[in-house]
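Worksheet for the structure shown next.
Only heavy atoms go into these numbers, but all of them, side chains included; no hydrogens, no water, no symmetry mates. Counting starts at 1 for both ligands and their atoms, following the listed order.
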Amino acid sequence: MTETKTYKVADIKLASEGRKKIEWAESRMPVLMNIRNTYEKTKPFKGYKIAGCLHVTKETAVLVETFKACGADVVWSGCNPLSTQDEIAAALAANGISIFAWHGMDVKAFYWCIDKCLEVNPNLTLDDGADLIFTAHNKYKELCAKIVGGTEETTTGVHRLRAMAKDGKLSYPVIAVNDAETKWDFDNVYGTGQSTLDGVLRATSVLLAGKNIVVAGYGHCGKGVAMRAKGMGANVIVTEVKPTAALKATLEGMRVMKMDDAAKVGDIFITATGIKDIITKKHFEKMKDGAIICNTGHYDCEINIPDLESLKKSKRTVRNDNEEYVLKNGNRVYLLAQGRLVNLAAAEGHPSEVMDMSFANQFLSQLRLVNAHKKGTKLENTVHDISNQQDQELASLKLKTMGHSIDTLTKEQIAYASDYSAGT
Ligand code: ADE
């Protein structure tokens with residue numbers, strides 16, 4: 001461990017390895033780099049301190065260094081004990097970023113890192129999963145009054161913050177980055193779809209074709225996973241609680257059944273629900289010998305690990321991020337990444353190309369908070385959405401960087417679209 005007053009990372013000597021990966025990500029994040037080029041001249045974040053709690057990956061590093069280039073002071077922690085990439089944390093620390101993050105920390109250290117970020121009195125927060133905001137509200141109440149605003153990256157975090165706002169408990173405005181179309185319709189679907197299978201493959205190296213892959217949850221993330229698993233030749237089974245989502249899954253060619261039934265036939269189980277206790281004791285007991293289980297939801301509560309522990313005869317690590325449980329009934333089940341986000345713990349998270357848009361939304365949302373503060377028009381203490389205009393502008397920029405052109409409506413076509421006198 002390398003520790004100074006301003007950082008604590010696993011090993012600062014990993015910095016040059018991390019730097020090469022950050023440069024690789026920069027080359028695949030043209031929208032965010034374009035934003036960096038635009039705003040580094042005027043430095044709109046000068047005088048603002050951003051505390052971030054978000055997976056420490058090469059893509060996050062591009063975001064952090066964009067904030068820095070645009071004038072911000074940044075202090076950072078990871079938002080999951082297993083998702084920090086140590087070489088990236090080292091590269092950020094070596095570049096003068098205040099960062100407290102290392103792979104494999106325990107829960108106590110996780111909150112110690114968050115405390116380190118809040119102790120420096122930030123005036124902006126950036127979350128993935130809302131742990132930083134919750135800690136600020138529970139432990140640093142006086143600080144909340146001074147915070148200009150925050151942003152939230154993920155579905156789970158946004159749900160909880162909306163509930164908090166509804167109960168009048170939110171002490172500063174938060175922008176729901178997750179709910180931008182250029183975030184959820186790309187990062188959650190294509191990002192989760194690819195990176196989750198990447199994590200499963202790195203931890204197991206099994207053939208996906210011909211396997212029964214059970215995907216719990218058919219929201220945006222589950223849909224992405226199911227779609228990609230199907231494309232790899234798996235027989236995909238979806239479990240759901242929402243009738244319309246289940247119906248969509250059937251019409252998209254997935255089999256739909258209850259987890260009680262899927263437990264008996266699944267070869268690989270992937271939870272993507274955001275809800276706890278999706279796979280519990282009664283399911284482990286029914287599973288086939290050799291079943292593989294993992295989670296891609298934000299928290300590690302979807303697979304009931306205490307239940308799995310209670311059924312075990314023995315346990316050993318068979319590969320990185322892959323633990324074999326021999327159950328009392330003699331069957332073996334394999335738990336990946338300790339039930340934490342398999343795409344970030346066993347792989348590298350979503351590819352840079354989708355994070356490009358998610359993090360461009362993060363940057364523009366933080367900028368909106370700063371601009372409102374500078375004008376003395378602090379946003380209301382609730383959860384705010386991103387405008388459709390921002391979505392369309394980001395999508396246009398992304399298309400341009402990819403070399404695609406699209407049509408525009410003529411004046412006559414625009415008039416026609418809202419002409420209620422026109423018919424057959
Ligand atoms: N969440 C999912 N993938 C990610 C990535 N590559 N970087 C940061 N957060 C992520």
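Trp112 carries Lys8 over the face of its six-membered ring, with the cationic atom under 6.0 Å from the centre and within 45° of the normal.
Considering only residues two or more places apart in sequence or on other chains, Asp131 meets the salt bridge (Lys or Arg N to Asp or Glu O under 4.0 Å) condition with none of them. Qualifying side chain to side chain donor-acceptor pair (under 3.5 Å) partners for Ser405, counting only residues two or more places apart in sequence or in other chains: none. In terms of the salt bridge (Lys or Arg N to Asp or Glu O under 4.0 Å) criterion, residue partners of Asp179 (sequence neighbours excluded) are, by chain and number, Arg162.
Closer than 4.0 angstrom to ligand 1 sit non-hydrogen atoms from Leu54, His55, Thr57, Glu59, Thr60, Leu344, Glu348, Gly349, His350, Met355, Phe359.
When side chains are defined from C-beta on, Glu324 does not count as touching Lys315, because their heavy atoms never get closer than 4.5 Å.
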Candidate pair Tyr7 and Phe100, rule ring-ring contact (aromatic ring centres under 6.0 Å, His included), full reasoning: CA-CA 5 Å; Tyr7 66 78; Phe100 301 89; 8.1 Å; no
